[in-house]
Amino acid sequence: MNGVCGSFSVFSSGHYLLTGDIDYLWSALAFPLAGLMFDFFDGKVARWRKSSSMLGQELDSLADLISFGVAPSLLAFSVGLRTYLDTVVLTGFICCGLARLARFNATVASVPKDAAGKARYFEGLPIPSSLALVSVLAYWTKNGWIEGQQGIPGGTVTLWGKTGGRGDVHVVSLVWALWATAMVSKTLRVPKP
């Protein structure tokens, strides 16, 4: 269901871009949170049943990539991060999420565990942390700080060429770039709750 929620978010963002109907944007902002709830529930059931499989682990990672990588990036695009360089940053965000999930799957057995067998920390920011960025987008939407209304906070800077060209980037894209870097960091260790 996590993957279904992420997919609905993607399609709701698409509907918003086509129609301009803000209800679609609100739906797109809500679906990743619903995906997180299903992700937690799925993990709880697997631990309760004391069963897991490689297929389940891979499906969970693919669903996480959709709900917490692709959907938030498309949401950012939908609210206004639409310059050429913004899309480069958002594509990098998705790819870093993919790399983070692949590394997690490949190294989960080697991460130190507590007495209960649970990993003590995340190596790099876990991809569901992108919901913090989604909550910022929801706040902006509530305040009208989106494309077609008051515009994205911080505006754009031109790194090269003419204003309005391929060298423009929104200042807040830097946050997405830093978040992506934190997801693939090998030195950042986030304690597990």
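This is a predicted model, so every value here is computed, not measured.
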Check: Applying the 4.5 Å side-chain criterion to the ILVMFWY set and letting contacts propagate, would Phe8 and Leu62 be lumped into a single cluster?
Finding: no
Checklist line | Enclosure of Tyr121 OH (heavy-atom neighbours >12, cutoff 6.0 Å) | finding: yes
Note to self: So does Leu85 get a backbone contact from the side chain of Arg166, meaning a donor-acceptor N/O pair under 3.5 Å?
What the structure shows: no
Next item on the list: Please answer whether the main-chain N or O of Pro32 pairs with a side-chain N or O of Ser67 as donor and acceptor at a distance below 3.5 Å.
Entry: no
Checklist line | Donor-acceptor contact below 3.5 Å, side chain Arg189 vs main chain Gly124 | finding: no
Notebook entry, point to check: Under 4.5 Å between any side-chain heavy atoms of Arg100 and Glu123, yes or no?
Noted result: no
Check: Are Val171 and Ile146 linked, directly or through other ILVMFWY residues, by side chains that come within less than 4.5 angstrom of each other?
Finding: no
Item checked: Inter-residue atom distance Leu17.CG - Leu74.CG, 0.5 Å rounding -> 6.5 Å
Item checked: Approximate separation, where rounding is to 0.5 Å, of Met183 CE and Phe68 CZ -> 12.0 Å
Next item on the list: Would you mind listing every ring pair (Phe, Tyr, Trp, His ring centres under 6.0 Å) that reaches into residues 160-193, with sequence neighbours excluded?
Entry: Phe93-Trp176
Checklist line | Exercise: identify the closest heavy-atom pair between Leu75 and Ser13 | finding: CD2-OG, 3.6 Å
Next item on the list: Only counting residues at least two apart or in another chain, list the ones meeting side chain to side chain contact (heavy atoms under 4.5 Å, CB included) with Ser61.
Entry: Leu101, Asn105
Check: Is there a path of hydrophobic side-chain contacts, each under 4.5 Å between heavy atoms of I, L, V, M, F, W or Y residues, that connects Ile94 with Leu29?
Finding: yes
Checklist line | Inter-residue atom distance Thr158.OG1 - Asp168.CG, 0.5 Å rounding | finding: 3.5 Å
Check: Is it the case that one hydrophobic cluster holds both Val169 and Tyr84, taking links as side-chain heavy atoms less than 4.5 Å apart, direct or via other members?
Finding: yes
Notebook entry, point to check: Are the side chain of Ser9 and the backbone of Cys5 linked by a donor-acceptor contact shorter than 3.5 Å?
Noted result: no
Next item on the list: Indicate if Ile66 and Tyr24 have the same hydrophobic cluster label, given that clusters are the connected sets of ILVMFWY residues with side-chain heavy-atom separations under 4.5 angstrom.
Entry: no
Notebook entry, point to check: With sequence neighbours excluded, what pairs up with Phe104 under the ring pair (Phe, Tyr, Trp, His ring centres under 6.0 Å) test?
Noted result: none
Notebook entry, point to check: Apart from Leu178 itself, which Ile, Leu, Val, Met, Phe, Trp or Tyr residues share its cluster (side-chain heavy atoms under 4.5 Å, direct or through members)?
Noted result: Leu174
Checklist line | Exam field: side chain Asp39 to backbone Leu36, donor-acceptor pair closer than 3.5 Å | finding: no
Note to self: With rounding to the nearest 0.5 angstrom, report the CZ to CG distance, Phe11 to Leu18.
What the structure shows: 11.5 Å
Notebook entry, point to check: Tell me, do Val10 and Val70 make a side-chain contact under 4.5 Å, heavy atoms counted?
Noted result: yes
Check: Does the side chain of Leu25 come within less than 4.5 Å of Ile22's, by heavy atoms?
Finding: yes
Next item on the list: Drop me the distance from Thr83's OG1 to Phe77's CZ, to the nearest 0.5 angstrom.
Entry: 9.5 Å
Notebook entry, point to check: Donor-acceptor pair, Ser7 side chain versus Gly3 backbone, under 3.5 Å?
Noted result: yes
Check: Which heavy atom in Ser78 sits nearest to a heavy atom in Tyr16, and how many Å separate them?
Finding: O-CE2, 3.5 Å
Checklist line | Residues which pass side chain to side chain contact (heavy atoms under 4.5 Å, CB included) with Tyr139, listed by chain and number, not counting sequence neighbours | finding: Asn143, Trp145
Item checked: Closest approach of Val184 to Ala99 (non-hydrogen atoms, all atoms of both residues) -> CG1-CB, 4.1 Å
Check: What are the two closest non-hydrogen atoms of Leu65 and Gly97, and how far apart are they?
Finding: CD1-C, 4.2 Å
Note to self: Measuring from atom OG of Ser73 to atom CG of Leu81, what distance do you get when rounded to the nearest 0.5 angstrom?
What the structure shows: 9.5 Å
Notebook entry, point to check: When Ile, Leu, Val, Met, Phe, Trp and Tyr are grouped by side-chain heavy atoms lying under 4.5 Å apart, directly or through other members, which residues fall in the same group as Leu59?
Noted result: Leu55
Item checked: Greater than 12 external heavy atoms within 6.0 Å of Lys192's NZ -> yes
Item checked: Asp42/Asn2 under side chain to side chain donor-acceptor pair (under 3.5 Å): CA gap, chis, key distance, verdict -> CA-CA 9 Å; Asp42 176 53; Asn2 175 10; over 6 Å; no
Next item on the list: Give a yes or no on whether a salt bridge exists between Glu147 and Arg82, defined as a side-chain N under 4.0 angstrom from a carboxylate O.
Entry: no
Checklist line | Heavy-atom side-chain contact between Val134 and Leu33 under 4.5 Å | finding: no
Notebook entry, point to check: Is Ser12 close to Phe31 at the side-chain level, that is, under 4.5 Å between some pair of heavy atoms?
Noted result: yes
